[in-house]
Engineer: 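Structure in structure tokens, see below.
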Protein chains: 2
Amino acid sequence: MLDAALTTAIMSAVDTGFDAQVALTEELVRFPSVRGAEHTAQDFVAAELRARGLAVDRWRIDVDAIRHMPGFSPVHVNYDNAFNVVGSHRPHHAKGRSLILNGHIDVVPVGPLDMWTTPPFVPRIDQGWLYGRGGGDMKAGLAGCLAAIDALARLGYRPAADVHIQSVVEEECTGNGALACLERGYRADAALIPEPMWNQLIRAQVGVLWFQVHVSGVPVHVREACAGANAIEAAYGIMQALHELEEDWNARRGDYPPYATVEHPINLNIGKIAGGDWPSSVPAWCVFDVRVAIYPGQDIAAAKAEIEAVIRDAARANRFLANNPPKIVYHGFEAEGYVLRDGEEAVALLGRAHRHVFGDTLREIATTGTTDARFFGLYAGIPALVYGPNAESIHGLDERVELESVRRCTQAMTLFIAEWCGLEKV
Amino acid sequence: MLDAALTTAIMSAVDTGFDAQVALTEELVRFPSVRGAEHTAQDFVAAELRARGLAVDRWRIDVDAIRHMPGFSPVHVNYDNAFNVVGSHRPHHAKGRSLILNGHIDVVPVGPLDMWTTPPFVPRIDQGWLYGRGGGDMKAGLAGCLAAIDALARLGYRPAADVHIQSVVEEECTGNGALACLERGYRADAALIPEPMWNQLIRAQVGVLWFQVHVSGVPVHVREACAGANAIEAAYGIMQALHELEEDWNARRGDYPPYATVEHPINLNIGKIAGGDWPSSVPAWCVFDVRVAIYPGQDIAAAKAEIEAVIRDAARANRFLANNPPKIVYHGFEAEGYVLRDGEEAVALLGRAHRHVFGDTLREIATTGTTDARFFGLYAGIPALVYGPNAESIHGLDERVELESVRRCTQAMTLFIAEWCGLEKV
């Protein structure tokens, strides 16, 4: 257990470095690291890791190397620029417990630029909040990992056990970045992922499925529109049926204890749509993209079968679609839910660190989102703790992260590293 | 009035040239003359007109030159490649009545290629039908105009009055191609447009409005989807309201005599949609494209006001949209309806020609589509007759035109030209 003086010193060292930490976060926000364009941000992260004396491992994800692994999600995009970066600290005489610090570099699309107050990839600090796409989700956390190591170094310490800082891609769509870290062989006694969790710990997270529904129509000239089948309008009937399935799944939450008291754990989102080619032609096609949650323990194959049955039944209600059933394409997340277990020692240490900093008990939540934690926990027996700062409007407009919360979470994380890994003098 | 021998000779001359006419139609179908890419087809048409000794006028549409004209429709695309072509025959001593033969070269998008039996721009003849995008709508008619002149030439004749063969762009979206012909000064005693009308004459045509509805949402992370406003799903409510307006307008058809007995004269089509960026983000935007008909005599400004009120009211029913009303963009057709009047002499001549060829009375219809006829009739006092062959699946898949019908309509059109314009020996 850290003594009071060292605890105080570590917290002060984080404070001392905080301006630099914010500057690093801002630098990260400047990279528009949306899917398929993470590589330049990763180059930057690699350089930052190298500058700290860490051994850098940068590699392109090889889909064929991970395709067979549990947790793999189907890939419908090009991985030419999908590079993971890991910076490792390996003491000569490792004594403590090893740790993976994991963060994702990919950010979701910004949506309509004109709905942002200021440009999404130009970081801006206002009233204690850092604005910018990815600032909260989760570049502040990723920068925090480096800042924690910096804080220890500032005191003349480094972790006494192996620490791997992983900057991964694909968290927002498949998780194949984290999966590729497992395939590459990275292991540790625990993992910590500083996602923006409002200073809380994730005890349970849902799984997520992505799928596309491809609806056909009968294109005719609009002057005889009644003779055609409008693929765009037919699509809405299927969306309605999917929302009924969503409510059905929510009604079953009693069967999944971590979610029994969560208000609306299963969210189904129609996130994207495209269809038709010409105002005066009845559209022959419409494709919409769906994200839906599943409970931890809910079987993916069974969930897919339910989804497919609902779509099939909805199609039967439409004269044309009955004979031309929509096609379903799974084009991303096939993620299981995860409940943190067998990590009570790490949770206790993090709770103590959190109490030192925040002065209260670490709250645990069952989140209605997913994170890369599942890979460590489900497929490698590594308890994965997700804990990070207060952010708002992630995936939305004017995404922002609260800097005071970032500071405190970084303090807690640094204390956790010091206790979990132990320290040695540089 | 043509004597029986000449009538027979003209019909035979069309037959003699029919293989060449079909070949010319096939050549036209090979050009993928969708909007913005009509120029190469127009080059070909210009060469064909020139080869027949006609004076060719090819010019790019100048939006600023037509913007002020009645019938103008707003332009949201680039006209860099929007060329009209007119080939004119001007006898030294014009005696008869002058004529504009008008056809459009632009075709609508093909839709999903994999839903076509064979590629849309590779013409194919099967069981007496010529397949290909634009074959029916309306390259068969355009080729027929040239074939009619060829048939007369084959007998040693040419029209005794001015004839302008116009190959125009933009018929499928604005009509600004035909409008630009008016601006350029082309006039005649009648116009004939061989659109695929199943061997019938259009007596009345609807007007058409195009508009886009831009719907906003509140993007949030899907894990809190209930807190966001889904622009894609909100759009559907507006579509429903627009369909109610459609039925309301259909119910008023008694006020518009040509359409009083037409089954469903007003068709409103949701032809295109796009929205959202990411399956796991509640979509912040959705845009859908609408085409709706209006009656001849229905005021465009009043129709727009009704549309806007319906959208506003529908938005009021949605908590978010009430404060963020959708934006409406008129991005194409602002076309009035048209009823053919003051053209009875031409109609009678065409009816006689039709009876010669088909052996029955020329049927007249009130079509639920629009054509470029409105420009001639409404804004230049030129009676515009729309009459052409039998086509199926125009704007659809496997568009096709019946060759026997093309042959007969071309015979009727050639007889009409001979009677309307008179003939002179070459």
Side-chain angles (χ1 to χ4, degrees), chain A residues 108-112 115 137 172-173 206 208 210-212 216 218-226 228 230 232-233 235-236 239 263-264 267-286 288-291 293 331-333 367-370 393-397, chain B residues 108-112 115 137 172-173 206 208 210-212 216 218-226 228 230 232-233 235-236 239 263-264 267-286 288-291 293 331-333 367-370 393-397:
Chain A
V108 300
V110 298
M115 293 175 79
D137 186 11
E172 296 286 6
C173 37
V206 297
V208 167
W210 272 17
F211 56 95
Q212 284 186 324
S216 293
V218 179
V220 296
H221 191 291
V222 61
R223 70 185 175 197
E224 39 181 350
C226 299
N230 187 310
I232 294 170
E233 299 190 65
Y236 278 99
M239 292 177 199
E263 169 84 8
H264 192 269
N267 288 299
L268 182 142
N269 185 54
I270 311 299
K272 197 172 172 180
I273 194 168
D277 303 291
W278 196 248
S280 294
S281 301
V282 176
W285 66 279
C286 184
F288 63 91
D289 291 17
V290 186
R291 175 272 194 198
H331 70 310
F333 281 125
T367 179
T368 56
T370 185
S393 198
I394 65 170
H395 291 223
L397 308 169
Chain B
V108 298
V110 298
M115 292 176 80
D137 186 10
E172 296 286 5
C173 37
V206 296
V208 168
W210 273 16
F211 55 96
Q212 285 186 323
S216 293
V218 179
V220 295
H221 191 292
V222 61
R223 70 185 173 195
E224 39 180 349
C226 300
N230 187 310
I232 294 170
E233 299 191 64
Y236 184 59
M239 292 178 199
E263 169 83 8
H264 192 269
N267 288 299
L268 180 141
N269 186 53
I270 312 298
K272 198 171 171 180
I273 193 168
D277 303 291
W278 196 248
S280 294
S281 302
V282 176
W285 65 281
C286 183
F288 63 91
D289 290 17
V290 186
R291 174 273 193 197
H331 69 311
F333 280 124
T367 178
T368 56
T370 184
S393 197
I394 65 170
H395 291 222
L397 308 169

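Below, chain A is the first sequence line, B the second, and so on; all start at residue 1. What you are looking at is a predicted structure, and each value in this text was computed from that prediction instead of being measured.
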Engineer: Below 4.5 Å from any heavy atom of chain A, which atoms of B:Phe288 appear? Answer side chain, backbone, both or neither.
Structural biologist: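 No part of it gets close to chain A.
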Engineer: Considering only heavy atoms, which portion of B:Gln212 lies under 4.5 Å from any heavy atom of chain A: side chain, backbone, both, or neither?
Structural biologist: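 For B:Gln212, there is no contact with chain A at all, as no heavy atom is under 4.5 Å.
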Engineer: Say you draw a straight line from CH2 of B:Trp285 to CE of A:Met115; how long is it, rounded to the nearest 0.5 Å?
Structural biologist: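 Between atom CH2 of B:Trp285 and atom CE of A:Met115 there are 11.5 Å.
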Engineer: Heavy-atom pairs under 4.5 Å with chain A: which of B:Ala293, B:Pro112, B:Ala235, B:Gly332 has the most?
Structural biologist: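 Going by pairs under 4.5 Å, I would pick B:Pro112.
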Engineer: Shorter than 4.5 Å, heavy atoms on both sides: which option in A:Val206, A:Ile232, A:Val208, A:Asp289 has the most such pairs with chain B?
Structural biologist: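 Option with the top pair count is A:Ile232.
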Engineer: Compare every heavy atom of B:Pro279 with every heavy atom of A:Arg291, then report the nearest pair and how far apart it is.
Structural biologist: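 It is CB-O, 3.4 Å.
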Engineer: Determine the minimum heavy-atom distance between B:Cys286 and A:Ile273, stating which atoms define it.
Structural biologist: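 Taking every non-hydrogen atom into account, SG-CG2, 4.4 Å.
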Engineer: With a 4.5 angstrom heavy-atom cut-off, could you sort out which part of A:Glu263 is near chain B: side chain, backbone, both or neither?
Structural biologist: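 Looking at A:Glu263, nothing touches chain B.
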Engineer: Search all heavy atoms of B:Glu233 against all heavy atoms of A:Tyr236 and return the closest pair with its distance.
Structural biologist: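 Here B:Glu233 and A:Tyr236 meet closest at CA-CE2, 4.1 Å.
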Engineer: Could you tell me which non-hydrogen atom of B:Asn269 sits nearest to which non-hydrogen atom of A:Pro283, and how far apart they are?
Structural biologist: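 In this case the closest contact between B:Asn269 and A:Pro283 is OD1-CD, 3.9 Å.
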Engineer: Would you give the length of the straight line joining atom CG of B:Asn267 to atom OG of A:Ser280, rounded to the nearest 0.5 angstrom?
Structural biologist: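 The CG atom of B:Asn267 sits 10.5 Å away from the OG atom of A:Ser280.
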Engineer: Please rank A:Ser216, A:Cys173, A:Gly275, A:Gly276 by heavy-atom pairs under 4.5 Å with chain B and give me the top one.
Structural biologist: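 The candidate making the most pairs under 4.5 Å is A:Gly275.
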Engineer: Under a 4.5 Å heavy-atom cut-off, does chain A meet the side chain of B:Trp278, its backbone, both or neither?
Structural biologist: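 When you check distances to chain A, atoms from both the backbone and side chain of B:Trp278 fall under 4.5 Å.
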Engineer: Is B:Ala284 close to chain A through its backbone or its side chain, or both, or neither, when contacts mean heavy atoms under 4.5 Å?
Structural biologist: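 Contact with chain A: backbone and side chain both.
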